[in-house]
**Q** 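A single structure is presented below for examination.
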Amino acid sequence: MKRPRPPSPPSISAAAKPPLSPPPTPILKQKLQRTGAPKWLPLKLTQTELTLPLTFPTGQTFRWKQTGPVQYSGSIGPHLVSLRQRAGDDDTISYCLHRSASPKAAELALLDFLNAEISLAELWSDFEIKDPGFGEVAKHLRGARVLRQDPLECLIQFLCSSNNNIARITKMVDFVSSLGLYLGEVEGFEFHQFPSLERLSRVSEDELRKAGFGYRAKYITGTVSALQSKPGGGDEWLLSLRKLDLQDAIAALCTLPGVGPKVAACIALFSLDQHSAIPVDTHVWQIATRYLVPDLAGAKLTLKLCSRVAEAFVSKYGEYAGWAQTLLFIAELPAQKALLQSSQSIQLVKSSEKKK
DNA sequence: GGTGTACCTCCAGT
DNA sequence: AACTGGAGGTACA
């Protein structure tokens, strides 16, 4: 599918743009389908509870696009939605439904997708009690929220993410998305409903390889096939993982080809209500060895040590450790780090040195 | 159990 | 202008 020129993101550093960065310039300025003035409605979330640039371009999803200065658009089920917040002092967030047949259902789906029942303010005040250092970072990164994505959509996205970079992951996810029902266009970006399992099963490994998936092509076809063989269907099976303990959910996910501990943790945290899941990658490893488990500093990131790190996060922050990890991860992204530079990241270093 | 390596492709850095 | 090293890892020996 067509998409704007990627601002040549070398790595995840491009994932977190500064909050007020200009929107990407679409290559094709197509006819704007203004079949009527778009209606912007207020969302029942303040900026304390949701900051768009700290939630959407942080590696949780590769399906949402920046369609304005502080505006992101994407699909949730059959609904095409835009979210925006004013750059000024206005604390509210607005949403816009594009050609929605059912505004009521769309709003509910949106609130569900945003994990709106979970109070970030409550979570963070709890984290701050458990760790004053967290509060120092958090007060500069308000509204960094964990999404509640569709499990299949999340699974396929992170299947694409292994040993890969943001630019290519996005390209691959765009390809998969393009197989789904077309929903509309916003600011030059075309949006599709995520394809069903049945639709995905009609894509061959060869087609995926031709589309540039490399060895991940067989992960996709293998996982789709494995899901289809589940009694009751793959969608139901994935949804059922929401009711399991974290360990069981992770173990179940890891039976799928291409899903290892890292990918499983991402799926668990971003789509399966497993709020204590900790996706341990090199960044989290850096944070942990500097801040949580300094005695492990310098060690190599092995499977065993990954679980040590995850345990450290959970014992420090508790049931919602994944949400705490998300904030610290964002703080670690180069773009955010620059903003925090003079103040709080130094605090992090100091407090970790104190512990030694 | 802990280690090493191949695996697709793109691309920034030499 | 080639070339190499990595990139939110996983599978397999």
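Just so it is clear, the structure is predicted and the values come from calculations on it, not from any experiment. Here is how names work: the chains are called A, B, and so on, in the same order as the sequence lines, proteins then strands, and each is numbered from 1.
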**Q** Take the angle between the ring planes of A/F113 and A/W64 and call it parallel below 30°, perpendicular above 60°, tilted in between.
**A** parallel

**Q** Whole angstrom is fine here: how far is it from CZ in A/F62 over to P in C/dG8?
**A** 9 Å

**Q** How about CZ on A/R199, more than 12 heavy atoms from neighbouring residues, nucleotides or ligands closer than 6.0 Å, or not?
**A** yes

**Q** Counting side-chain heavy atoms from C-beta on, which of C/dA11, C/dA7, B/dG2 comes nearest to A/K304?
**A** B/dG2

**Q** Given B/dC7, is OP1 or OP2 found less than 4.0 Å from the side-chain N or O atoms of A/R216?
**A** no

**Q** Tell me who clusters with A/I250, hydrophobic residues only, linked when side chains sit under 4.5 Å apart either directly or through other members.
**A** A/L246

**Q** Between B/dG2, B/dT9, C/dG8, spot the one nearest the side chain of A/R168, thanks.
**A** B/dT9

**Q** Which ranges of DNA chain B pair up as stems, where a stem means three or more consecutive Watson-Crick or G-U pairs with both distances under 3.5 Å?
**A** B:3-7 with C:9-13, B:9-14 with C:2-7

**Q** Say you pick atom C1' in B/dA6 and the same atom in C/dA7; how far apart are they, in whole Å?
**A** 16 Å

**Q** Output the residues of residues 144-159 of chain A in contact with DNA chain C, where contact means a heavy atom of the residue under 4.0 Å from an atom of the strand; sort by number or write none.
**A** none

**Q** Check DNA chain B against residues 252-262 of chain A and give the residues with a non-hydrogen atom under 4.0 Å, in numerical order.
**A** none

**Q** Using side chain to side chain contact (heavy atoms under 4.5 Å, CB included) as the criterion, point out the one residue from A/K39, A/H79, A/E107 that pairs with A/S100.
**A** A/H79

**Q** Take atom P in C/dG6 and the same atom in B/dG4, then report the distance between them in whole Å.
**A** 16 Å

**Q** Under 30°, 30 to 60°, or over 60°: which ring-plane class applies to A/F329 and A/H283, parallel, tilted or perpendicular?
**A** perpendicular

**Q** Starting from C1' on B/dC10, measure out to OH on A/Y215 and report it in whole angstrom.
**A** 12 Å

**Q** Which of parallel (below 30°), tilted (30 to 60°) and perpendicular (above 60°) describes A/Y215 and A/Y219?
**A** perpendicular

**Q** Is a side-chain donor-acceptor pair under 3.5 Å present for A/E187 with A/Q71?
**A** no

**Q** Applying side-chain hydrogen bond (donor to acceptor under 3.5 Å, both in side chains), can you list everything that pairs with A/N115, at least two apart in sequence or on another chain?
**A** none

**Q** Which residues satisfy the salt bridge (charged side-chain N to carboxylate O under 4.0 Å, His left out) test with A/K230, sequence neighbours excluded?
**A** none

**Q** Among B/dT3, C/dG9, C/dA7, which nucleotide has an atom closest to any side-chain atom of A/T302?
**A** B/dT3

**Q** Salt bridge or not between A/E332 and A/R290? Use side-chain N to carboxylate O under 4.0 Å.
**A** yes

**Q** Which nucleotide in the list B/dT3, B/dC8, C/dA7 gets nearest to the side chain of A/K218?
**A** B/dC8

**Q** With heavy-atom distances below 4.5 Å as the criterion, would you say the side chains of A/P53 and A/Y72 are in contact?
**A** yes

